[in-house]
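Presented below is the structure to which this report refers.
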Number of protein chains: 2
Amino acid sequence: MPDRDTPQARRGAASVLPAGPPGSDRAGLDQRRVLGSAVEFIDEHGLRELTMRRLGAHLGVEAMALYRYVPGREALLDGVVEVVVDELYGDPDVHLEATGGWQDYLQRLAHGLRRIALAHPEVFPLVATRPPAAPWVRPPLRSLRWIESFLRAMTSSGFSDDAAAAAYRAFSSFLLGYLLLEISGKGVETGPVDEPDVPATTDLAPYPTLRRLEPLLSQDRAAEDFELSLEALLERMELLLPPRRRPRRKS
Amino acid sequence: MPDRDTPQARRGAASVLPAGPPGSDRAGLDQRRVLGSAVEFIDEHGLRELTMRRLGAHLGVEAMALYRYVPGREALLDGVVEVVVDELYGDPDVHLEATGGWQDYLQRLAHGLRRIALAHPEVFPLVATRPPAAPWVRPPLRSLRWIESFLRAMTSSGFSDDAAAAAYRAFSSFLLGYLLLEISGKGVETGPVDEPDVPATTDLAPYPTLRRLEPLLSQDRAAEDFELSLEALLERMELLLPPRRRPRRKS
DNA sequence: ACCTGAACACCGTTCAAGT
DNA sequence: ACCTGAACACCGTTCAAGT
């Protein structure tokens with residue numbers, strides 16, 4: 001399912017995984033099929049349930065067969081992260097780097113990553129926390145090609161190298177925090193159904209302010225928050241431009 | 001080690017764990033000792049290594065003995081998160097809610113959480129990704145008492161309920177993204193030592209901008225970034241105040 | 001009251017063996 | 001060339017039994 005229409009998408013970015021046998025494409029396994037199936041499995045049952053043996057069963061094969069295509073469970077998870085992040089290449093809304101300037105590009109990039117997080121909420125914590133391959137790989141922008149694309153868009157828009165690097169750090173921090181919290185707020189109350197007679201609702205009596213604001217805090221403002229904070233971030237980035245290229249702020 | 005000098009710290013916030021036997025305090029186990037030991041173990045060996053059996057050995061006991069004090073591994077991890085977050089209660093720099101106004105309070109709160117993240121980098125991903133008990137519990141501010149404290153500080157400083165809630169959401173997103181990325185940048189290059197003759201350095205030739213900025217991106221700017229972005233966040237929060245309470249911006 | 005031994009079902013992973 | 005069966009070391013968890 002993922003990684004559509006990008007023949008050598010996984011080839012460009014130094015893949016975490018060895019190549020594996022070339023896709024015989026018809027019957028039989030395939031690294032792409034294994035990884036895609038793993039993503040599917042996590043989307044459906046959650047990361048906790050993913051097991052080499054169960055993934056094998058999901059593919060109609062014994063667990064041991066997977067080791068032909070993946071060095072082990074850890075590498076499988078790395079591959080899952082890679083596949084999900086690579087879905088960005090198939091997103092038509094994100095392509096074409098600089099048709100509308102850097103702000104437009106960063107907007108589309110941010111929204112593309114948000115779509116990925118919302119499409120794979122069970123995978124995203126993995127995207128967020130797997131140790132990156134290099135210190136300058138900052139989740140959720142874990143693909144060398146997108147990092148390159150980001151930095152080129154900024155520098156070619158007039159940002160200094162320092163400013164582009166600072167923008168990259170701010171952008172990744174913003175996305176990581178926002179998206180992780182958005183999906184965490186989503187997944188609550190799902191899971192094993194416990195005693196329905198004990199509502200498990202915490203007693204808020206000792207916390208009067210919290211109790212008063214509780215209905216307010218339970219509202220889902222993720223979409224608006226995302227737009228507004230992204231807008232604010234872009235405005236703050238604008239200040240990193242050399243003064244000549246910075247449009248006068250209306251006030 | 002954690003949870004020092006706060007006798008009933010874990011009593012106020014609805015604990016995830018049942019009480020367990022009262023601490024006989026001398027020899028023998030104790031829920032506090034089990035959780036504290038787990039934190040210690042993760043700090044030392046990483047989350048991946050933590051096993052009921054190994055934690056038992058670490059405490060000089062068989063794994064099965066732990067089940068007297070903890071319902072299972074999942075609850076143990078919840079307890080670990082709770083213990084680490086509760087360290088905030090022992091931080092003398094964070095206490096006293098509003099001596100210097102809300103900005104000063106949020107500064108100290110943010111720095112306190114940053115100290116925790118840096119002190120327990122192996123635990124922090126757990127703080128970030130464990131499913132919260134309620135939708136309005138937003139990591140890394142996972143303690144009802146601190147959420148209450150935050151909201152009270154804001155509302156009593158003139159923020160409307162809506163503004164306080166928005167500030168809470170923005171503050172938690174900021175901290176989560178920043179701290180998670182700071183510790184992720186720290187932990188890289190540690191772990192199993194592979195082939196030292198193959199430096200595993202990715203070939204950056206296809207990514208010229210990245211290659212040019214690589215030394216810049218490898219610098220550790222976490223501390224400065226944190227200060228500056230926190231400052232910017234607080235300034236943005238100021239705009240949520242009703243105009244009368246908002247000091248005139250200089251310039 | 002607290003801990004242990006033995007047992008159960010299930011992991012990840014290796015490897016010789018099948019086809 | 002690709003998959004499997006059997007095996008190994010190790011999990012989390014239960015429970016009757018020890019002290």
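Proteins get letters first, then strands, A, B, ... in listed order; numbering begins at 1 in each.
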* Yes or no on side-chain contact (heavy atoms from CB on, under 4.5 Å) for A/Leu213 and B/Tyr168, after CA distance, side-chain angles and deciding distance? -> CA-CA 11 Å; A/Leu213 298 197; B/Tyr168 169 60; over 6 Å; no

* Asked: What do the steps show when you test A/Leu88 against A/Ser143 for side-chain contact (heavy atoms from CB on, under 4.5 Å), and what is the final call?
  -> CA-CA 10 Å; A/Leu88 214 50; A/Ser143 143; over 6 Å; no

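OP1 or OP2 of D/dC3 sits under 4.0 Å from a side-chain N or O of A/Tyr69.
Remark: aromatic rings of B/Phe174 and B/Phe226 are close, center separation under 6.0 Å. Checked against a 6.0 Å centroid threshold, the rings of B/Phe124 and B/His120 do not count as neighbours.
Here the closest heavy-atom approach between residue A/Met52 and residue A/Leu66 is recorded as O-CD1, 3.3 Å. Of all heavy-atom pairs between A/Arg108 and A/Asp93, the closest is CD-O, 3.0 Å. Across A/Pro140 and A/Leu176, no two heavy atoms sit closer than the pair CD-N, 3.9 Å.
Rounding to whole angstrom units, CD of residue B/Glu62 and P of C/dT4 are separated by 5 Å. Separating the CG atom of A/Asp30 from the C1' atom of D/dC3 is a distance of 15 Å, rounded to the nearest angstrom.
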* **Contact letters for nucleotides 6-19 of chain C, in which S counts primed atoms plus P, OP1 and OP2 and B counts the base, heavy atoms under 4.0 Å** => BB---BBBB-----

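Side chain of B/Arg54 to main chain of B/Glu49: a donor-acceptor pair is present (N/O by atom type, distance under 3.5 Å, no hydrogens or angles).
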* **Pairing string, 5' to 3', for DNA chain C - Watson-Crick or wobble contacts under 3.5 Å, brackets [ ] where pairs cross, | to another strand** => ||.|||||...|||||.||

